[in-house]
Structure formats: C-alpha cells, structure tokens
Amino acid sequence: MLLLSTIREERDRLLEGLAKRNFNNAEATLDKVVALDDERKSTQTQLDQLLSEQKSLSNEIGNLFKSGKAEEANAMKVKVTNLKEESNVLEERFKAVKAELETELLGLPNLAHTSVPHGSTEEDNEVFKELTGTIPELGADTMPHWELSGKYGIFDLKLGVKLTGAGFPVFKGQGARLQRALISFFLDQASAAGYTEYVPPLMVNEDSARGTGQLPDKEGQMYYVTEDDLYLIPTAEVPITNVYRNEILKTEDFPIKMCGYTPCFRREAGSYGADVKGLNRVHQFDKVEIVQVVHPDNSYDTLTEMCNHVEGLLQKLELPYRILRLCAGDLGFASALTFDFEVYSAAQKRWLEVSSVSNFETFQTNRLKLRYRNEEGKTTLAHTLNGSALALPRIIAALLENNQTSDGITIPDVLRKYTGFDIIK
RNA sequence: GGAGGAGUGGCAGAGCGGUUGAAUGCACUGGUCUUGAAAACCAGCAUACUUUACGGUAUCGGGGGUUCGAAUCCCUCCUCCUCCGCCA
C-alpha cells in the first residue's frame, strides 16, 4: 500500500510511475484519494470535538451525583444524549470515508523504481545479464522432461490426476530423491549465507494474506479453506514476511534474514500450451524462499546481495541462465524492482523462469505495520525483499533436459552428496 | 469434540461502573553521586490518528451492546490454561 504522504508530496513522480504501469485514470484516482483523506481528517476533528464534550459532561454528571445534585445531573444527561446522536452520525461518516479511502489505496500498485524499463508485456523486459554458462549440445533423440519422466519414472502427472487433479505431479524414486536433495541443498546454501531457517504453517489467516499483498489483489490465486477461513500459501513469502507484522524493531535488529522451504499452492487459472506442459506450471510445487527485512537505506544493496545468492545457486547447479529486469508492465503489483532468473532448457529450446527477486520497499511494511525506531526515536517503515532460492519444478525440468545423456541423466556435482547417486537411470 | 478457568503497557501484576491511558514492581533510557562500576536517589519510558501549537480522540484479545459514563456489566468470536474424549 502506498503512503498517503507519498501521494500528497510526490504526486508528479507518482503519476509518472502509474503511467509507466499503464494505470488508467491515475490523476482522478489520486485526486479522489486526497479528497477522501481531507474529508477523513476534517470529520475526525469534528468527531473528536464532540466526543471530548461528551466526555467532560459525563464527568460532571458523575460529580453532580456525588454531591447529591441529582436534578442537575439528569438535566445534563439529556444534553449528552443529544450530543451523542450527533456524534453517531459523524462516526458513521468517518468509518465510511476511511473504508473508501482504504479501498482506493489498496487499488494502487507500488511505485516502480527509476531503473525499471518502460514496457507493457514480458517482451519488454530488459536482459540485465546475457546468457551465462553453456547450453549443452544434445543429440537427435533429445526429450523434453515430460517424456524423460516416463522413461526414468521420475514423476507421474497422470497419477497426480488420479489422486488429486491436473497440475499435481507425483514424484517418485530417484525423482523424489532429487527433489529432497535440491531442498536440502538450497536450505544449506541459505543458512551458509546467514538466513535463519523457518518451517512455517502452510495455511495463513486473512490478516497475513493481506499483509504481503495477496489480498485483495490476488484472491483468486489462492486455495481457500472455507470451513476455517484459511488460505493455502502461494509462497513461503506470506507466512515468513508476516513473522514481523505489527512489530517495532530496533536499527540494530537489521538485517533480518529468513528462509524457508514450503510447498506452494497456486490456482493459476488461464494459460495454455507449452507454458503449462509437464512441470512448467503446476498447482503445487516446492520452493525455498529467502526474505529480508532491512533498513530503507540498504534495501537496494540487499537486492543485489540476494540476486548474487540466487545466481550462485544456478552456477553451482551448472545451469545456463540469464537475468531479466522486469519492465513496468510485467512488474508485480507490490514490487518496486524485480529481477527474474531464467534457465535455458536445451530440449524445450526456451527460457524457464526459476526465480524472482524483488524489493517491495515500504509497500508491504505499510500494510504489515512493520516498523523500526529510527535514530531520532521515530517509528519508521522498514523495507522488505524476497526471492525464490529456488523454485523446484523448472529447475528439475532443466536439469533433466540439459543433463540427459545416452547413459542416463547426470546429477551436478554439488547435489551428489544429497542425492546419494550421480546418475538417474 | 465436551466441561471449567483466564486474556490489562517490554515482562510481572493491581484495578471489577465515575477526570484510569491505567497503581506497584522489574526491565529499559537519561541524570546526580563515584577514579570506574555497583548501589542509592531523581526524571523519563505504549501505539495510532488529529492539531501550526497548547492540546484532543481512540485503543485494557477482536467485534457488537447496555449506560450520561465501561478495562470494569451483557452478547458473540478468537486465543491460552486445566480436566475428559479422540488421535500421528
């Protein structure tokens, strides 16, 4: 959620940013927000005035009763009752204005960082770092991962359909081991980089979902348990970032570095073709997430640090990758700047997104009420960042496809101590 | 799932209808004292909104109600504790 102070004081910059994001009616929306905020303030001032009068009169009534002047007290009661009627009307108006203001604010996306390129679709994303690593030369009998899975019995989509439905792959045998190996590897790497490991709940309440911006923006993306009003997490970002919801930190608490492995659940309606084939897009997948809560002065350095961490993982896995800087049109609602990491699948001959690293600045912390006490003792919003490190299915797809040989699928060196085997046969 | 008890400031813990945003203790911050430290003493110490400012308003688990007036009474939801049941 954007800050009202930003909307009031940096209107031009904001209009520019909203235009970049192709946001319609930006000017009218900002005008409306400011007008609502003005009304909220003036309503509150009037309301407070009335409440204050009521309060002091009520105290007088108490004193009158004590000194035995019941008649005067009763006369005063009528006065207060009248005041109360007046204030009730104002209070209703106050609540309505506040709610409307909130709705408008929730509809505004984060202001994109100045380095975010213009553009409306993923075609306009900037290649921040060109292909790094080598694309393997594969033979004529190269298979995509969904065919390899059948050949080696790594995972089974049909079985998933039988057990649950489309988009719920079942990993088995060496495939299941590979999955577990990757999780351990990613977590060990995160721990070594100073992240504290969490095992969070896989369902969250409404407050948590709102805190990180899943609600109300992406309600349809989440599985929802109606009986208990809980949401299945679409990413570990949600529970982990909410650890510090409603907290006031000290500057010496920074940086807070957290990581966690969780399954992720996404309803992901509306895609087709190669995008959703095999493991390319599924409803349940595993991911290790890294999250940081930092001082606003350091958040862009932290973004770089987190990108370096993700890059290191891809290098250790010996996967060819590139880094994109997302354009304004492709940038997530809550993000100020996002780098996407893509690995190249030699068999599918396409790039697969395996990580997204973002700085949200104060967009999430404003909703989360996640603050710190600054040098002057004032409470100030912290910055949050997160990144996938990494999401498993497409890593597995790329590993299977790029490492296929006539003898089987070779496992990268770094994973061998985790898998316990060096080739999938 | 059933029965009972409880939720107050960073923590502990009073208050149980009337200037109570809330006693007291601990913790914390600043000061005096001291060569330094400790002790002692003095002062400060919730959050948010609002006001140019003085100040004002709201918040005692959440929401609603009764009353001129609620931390205190009523309803409801949530959470925790104890006992019973069930269970990996």
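Every value quoted in this text rests on a predicted model; they were computed, and no experiment measured them. Reminder, nothing fancy here: chain letters follow the sequence lines and each chain counts from 1.
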Nearest whole angstrom, please: distance from the [atom2] of [N] to the [atom1] of [X].
X	N	atom1	atom2	value
Glu206(A)	rC78(B)	CD	P	15 Å
Lys77(A)	rG18(B)	NZ	C1'	12 Å
Leu249(A)	rA46(B)	CG	C1'	16 Å
Glu53(A)	rU57(B)	CD	P	11 Å
Leu50(A)	rC68(B)	CG	P	18 Å
Leu3(A)	rA48(B)	CG	P	13 Å

Less than 4.0 Å between a side-chain N and a carboxylate O, is that true for [Y] and [X]?
X	Y	value
Arg210(A)	Asp207(A)	yes
Arg394(A)	Glu342(A)	no
Arg11(A)	Asp31(A)	yes
Glu305(A)	Lys257(A)	yes
Arg371(A)	Glu247(A)	no

Grab the N/O contacts between the protein and nucleotides 69-71 of chain B below 3.5 Å, and write none if there aren't any.
from	atom 1	to	atom 2	distance (Å)
rG69(B)	OP1	Lys84(A)	NZ	3.0
rG69(B)	O4'	Ser58(A)	OG	3.3

For Ser358(A) versus Leu303(A), what's the shortest heavy-atom pair and its separation?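 So the two residues come closest at C-CD1, 3.8 Å.
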How far, in whole Å, is [M] from [N] if one measures between their [atom1] atoms?
N	M	atom1	answer
rC26(B)	rG63(B)	C1'	34 Å
rG21(B)	rG56(B)	P	11 Å
rU29(B)	rU66(B)	C1'	44 Å
rG62(B)	rG10(B)	P	13 Å
rC80(B)	rG55(B)	C1'	40 Å
rU72(B)	rG61(B)	C1'	16 Å
rA23(B)	rA40(B)	C1'	23 Å
rG44(B)	rG9(B)	C1'	15 Å

Against Lys32(A), only a single residue in Glu39(A), Glu104(A), Glu27(A) fulfils salt bridge (charged side-chain N to carboxylate O under 4.0 Å, His left out); can you say which?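 When salt bridge (charged side-chain N to carboxylate O under 4.0 Å, His left out) is applied between Lys32(A) and each of Glu39(A), Glu104(A), Glu27(A), only Glu104(A) qualifies.
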Would you write out the dot-bracket form of RNA chain B, 5' to 3', with Watson-Crick and G-U pairs under 3.5 Å, [ ] for crossing pairs, | for pairs to other strands and . for unpaired bases? ((((((((.[[[..)..(.....]]].(((((.......))))).(((((....))))).[[[[[..)....]]]]])))))))....
For [X] and [N], is the shortest distance between a side-chain N/O and OP1 or OP2 below 4.0 Å?
X	N	answer
Arg373(A)	rU47(B)	yes
Thr81(A)	rC68(B)	no
Lys250(A)	rC28(B)	no
Lys95(A)	rC49(B)	no

So, [X] versus [Y]: side-chain donor-acceptor pair below 3.5 Å or not?
X	Y	answer
Asp188(A)	Tyr418(A)	yes
Arg325(A)	Ser115(A)	yes
Glu289(A)	Tyr261(A)	no

For nucleotides 60-63 of chain B, tabulate all protein N/O to nucleotide N/O atom pairs closer than 3.5 Å, reporting atom names and distance.
none

Of the nucleotides rC68(B), rU47(B), rU57(B), which has the atom closest to the Ile248(A) side chain?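 From the listed options, rU47(B) comes nearest.
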Which nucleotide in the set rG18(B), rU57(B), rU47(B) lies at the smallest distance from any side-chain heavy atom of Leu51(A)?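 Looking only at heavy atoms from C-beta outward on Leu51(A), the closest nucleotide is rU57(B).
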Does Glu252(A) have more than 12 heavy atoms from other residues, nucleotides or ligands lying within 6.0 Å of its CD?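 Yes - once you tally the heavy atoms of other residues, nucleotides and ligands closer than 6.0 Å, there are more than 12.
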Could you tell me whether the side chain of Ser87(A) and the main chain of Lys84(A) form a donor-acceptor pair under 3.5 Å?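 At least one qualifying donor-acceptor pair exists.
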Students often get this wrong, so: under 4.0 angstrom with heavy atoms, is Ser56(A) touching a base, only sugar-phosphate, or nothing?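 Answer is nothing: Ser56(A) stays at 4.0 Å or more from every strand.
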Which pairs would a plain distance check flag for residues 171-183 of chain A, meaning a side-chain donor or acceptor within less than 3.5 Å of a matching protein atom at least two apart in sequence or in another chain?
from	atom 1	to	atom 2	distance (Å)
Gln174(A)	OE1	Lys425(A)	N	3.2
Gln174(A)	NE2	Ile423(A)	O	3.1
Arg177(A)	NE	Thr419(A)	O	3.4
Arg177(A)	NH2	Thr419(A)	O	2.7
Gln179(A)	NE2	Asp286(A)	OD2	2.5

Can you name the residues that form a ring-ring contact (aromatic ring centres under 6.0 Å, His included) with Phe23(A), not counting sequence neighbours?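 So Phe23(A) forms no ring-ring contact (aromatic ring centres under 6.0 Å, His included) with any residue.
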Here's a test of your reading of the structure: between Arg371(A) and Lys55(A), which maps to the more 5' nucleotide of RNA chain B?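 The answer here is Arg371(A).
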Which residues in residues 36-47 of chain A have a heavy atom closer than 4.0 Å to any atom of RNA chain B?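 Within residues 36-47 of chain A, the residues near RNA chain B are Arg40(A), Lys41(A), Gln44(A), Thr45(A).
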